[in-house]
Amino acid sequence: MLKESTMQIIRDSLGPLKHLVRVVLFTSDSGCDLCPEAVETARALKAASAKIVLETYDITMDRDKSQEYGVKRVPAFVVQAQDGRAVRFSGALEGVSLLLLLEAVHSAAEGRAWFPDKINGTLKLLGQKVPVLVLLENDCTLCKPVAETAVGLALTSRMVAAEIVVADDFPELLSQHKVKVLPYTIFGPRLTLEGHASESEFLEMLFRAEGQKAAGLDSRCVVCGQPSPAMICDSCKTKIQAEALEHKRKDEKFAGRGSATEPHNHG
């Protein structure tokens with residue numbers, strides 16, 4: 001059974017939900033000790049709001065759905081907006097990962113912008129989908145801003161396929177990538193960042209993972225097009241971070257008028 005405190009957080013957050021949001025849960029009947037609790041969490045989400053459209057699948061029996069949503073491990077939750085943009089959460093939902101999922105549900109329902117125009121415009125330059133995987137711990141508050149950026153990118157652009165993974169629940173990933181510091185972010189098959197990553201660093205890694213460096217675009221800034229030895233020039237990095245900070249301040253001021261437990265700290 002879920003903790004009462006967890007159920008209360010879910011009720012407080014989803015009670016005000018005004019628009020439909022699809023939440024998809026993937027489990028397995030075998031070899032998944034965390035799946036029964038994930039089912040209870042899914043039921044709590046559905047009970048908290050009639051606006052939650054809940055679907056449940058088995059990762060093996062419903063292989064077509066697993067492939068459609070890019071799910072490779074269980075338990076996994078997918079939050080999907082009405083326009084199809086989605087983000088995945090793998091592992092036990094509590095602490096940081098639960099707050100992130102609730103935040104994603106609100107964003108998908110409201111269609112609110114996570115980032116300022118400069119970041120949104122830069123994301124439109126991506127030509128192919130880039131997978132982003134963020135490994136975190138549920139009690140790691142320093143992990144939350146990094147994971148928030150990944151979630152926001154996925155709910156802003158179809159070209160970003162983000163997955164938030166509770167590292168302790170999938171030790172094979174920690175071993176595979178020789179992870180020593182969390183959060184740990186993987187862009188595409190090989191590029192990685194340890195610890196905190198700013199919005200401009202995320203953007204630069206996305207374009208590197210997409211392969212634009214190999215295409216010969218590394219001599220110019222992908223944002224402004226001016227000659228630059230870096231993927232994003234120093235001037236654009238400064239502007240992106242300044243706008244992102246101002247956007248956060250406005251968002252936090254807006255959130256402060258609502259419920260104290262309702263997560264809206266985007267970006």
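All heavy atoms count here, side chains included; hydrogens, waters and symmetry mates do not.
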- Task: Can you sort out the partners of Cys224 under disulfide bond (SG atoms under 2.5 Å apart), two or more places apart, ordered by chain and number?
- Result: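 None.
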Smallest separation among heavy atoms of [X] and [Y], with atom names:
| X | Y | result |
| --- | --- | --- |
| Ala154 | Ala162 | CB-CB, 3.6 Å |
| Phe115 | Glu199 | CE2-CG, 4.2 Å |
| Ser28 | Cys32 | O-CB, 3.9 Å |
| Phe170 | Val165 | CD1-CG1, 3.4 Å |
| Val21 | Gln80 | CG1-O, 3.9 Å |

Common cluster, [X]/[Y], ILVMFWY with side-chain heavy-atom separation under 4.5 Å:
| X | Y | value |
| --- | --- | --- |
| Leu142 | Val151 | no |
| Met159 | Ile232 | yes |
| Val179 | Leu133 | yes |
| Met7 | Leu54 | no |
| Val24 | Val105 | no |

Expected output: side-chain [X] to main-chain [Y] donor-acceptor under 3.5 Å:
| X | Y | value |
| --- | --- | --- |
| Asp169 | Ala92 | yes |
| Ser175 | Pro171 | no |
| Ser66 | Ile59 | yes |
| Lys46 | Ile52 | yes |

Can you tell me how far the [atom1] atom of [X] sits from the [atom2] atom of [Y], to the nearest 0.5 Å?
| X | Y | atom1 | atom2 | value |
| --- | --- | --- | --- | --- |
| Leu173 | Lys72 | CG | NZ | 10.0 Å |
| Phe77 | Thr41 | CZ | OG1 | 5.0 Å |
| Ser97 | Glu137 | OG | CD | 11.5 Å |
| Thr122 | Leu206 | OG1 | CG | 10.5 Å |
| Ile119 | Ser157 | CD1 | OG | 12.5 Å |
| Leu155 | Ser107 | CG | OG | 5.0 Å |

Is the shortest side-chain heavy-atom distance between [X] and [Y] below 4.5 Å?
| X | Y | value |
| --- | --- | --- |
| Leu193 | Phe187 | yes |
| Val87 | Leu101 | no |
| Thr185 | Thr149 | no |
| Leu123 | Leu125 | no |
| Val160 | Val132 | yes |
| Glu103 | Lys144 | yes |
| Ile9 | Leu102 | yes |
| Gln82 | Leu20 | yes |

Before accepting this row, confirm whether a basic side-chain N of the pair [X]/[Y] lies closer than 4.0 Å to the acidic partner's carboxylate O.
| X | Y | result |
| --- | --- | --- |
| Glu68 | Arg63 | no |
| Lys18 | Glu110 | no |
| Glu55 | Arg22 | yes |

- Item | Stepwise side chain to side chain contact (heavy atoms under 4.5 Å, CB included) test for Val78 and Phe89 | CA-CA 6 Å; Val78 180; Phe89 298 84; over 6 Å; no
- Query: How far apart are the C-alpha atoms of Cys35 and Val74, what are their side-chain angles, what is the distance that settles it, and do they pass the side chain to side chain contact (heavy atoms under 4.5 Å, CB included) test?
  - Reply: CA-CA 7 Å; Cys35 285; Val74 290; 4.2 Å; yes
- Task: Please list all pairs passing the salt bridge (charged side-chain N to carboxylate O under 4.0 Å, His left out) test where one or both residues lie in residues 117-135, with sequence neighbours left out.
- Result: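 Qualifying pairs, neighbours excluded: none.
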- Task: Show the numbers, then the answer: is there a side chain to side chain contact (heavy atoms under 4.5 Å, CB included) between Thr56 and Thr27?
- Result: CA-CA 8 Å; Thr56 59; Thr27 61; over 6 Å; no
- Could you go through the salt bridge (charged side-chain N to carboxylate O under 4.0 Å, His left out) check for Lys237 and Glu204 one step at a time? CA-CA 9 Å; Lys237 285 181 181 178; Glu204 188 166 6; 3.2 Å; yes
- Decide whether Glu94 and Thr6 meet the rule of one side-chain donor and one side-chain acceptor closer than 3.5 Å.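 Per modelled atom types, Glu94 and Thr6 side chains form no pair under 3.5 Å.
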- Do His177 and Thr192 meet the criterion of a side-chain donor-acceptor pair at a distance under 3.5 Å?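 Note: His177 and Thr192 side chains miss the donor-acceptor criterion.
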- Query: Would the SG atoms of Cys233 and Cys236 measure under 2.5 Å apart?
  - Reply: no
- Trace of the side chain to side chain contact (heavy atoms under 4.5 Å, CB included) decision for Asn120 with Thr156: CA-CA 7 Å; Asn120 295 336; Thr156 301; 3.3 Å; yes
- Message: Starting from Met61 and following side-chain heavy-atom contacts under 4.5 Å between hydrophobic residues (I, L, V, M, F, W, Y), which residues can be reached?
- Response: none
- Using links of under 4.5 Å between side-chain heavy atoms of ILVMFWY residues, direct or through other members, which residues join Val181 in one cluster? none
- Message: According to ring-ring contact (aromatic ring centres under 6.0 Å, His included), does anything in residues 11-63 pair up with another residue at least two apart or in another chain? List the pairs.
- Response: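 As it turns out, the ring-ring contact (aromatic ring centres under 6.0 Å, His included) pairs with a partner in residues 11-63, which skip direct neighbours, are Phe26-Tyr57, Phe26-Tyr69.
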- Ala147 meets the side-chain contact (heavy atoms from CB on, under 4.5 Å) criterion, sequence neighbours left out, with Leu100, Val134, Leu136, Ile164
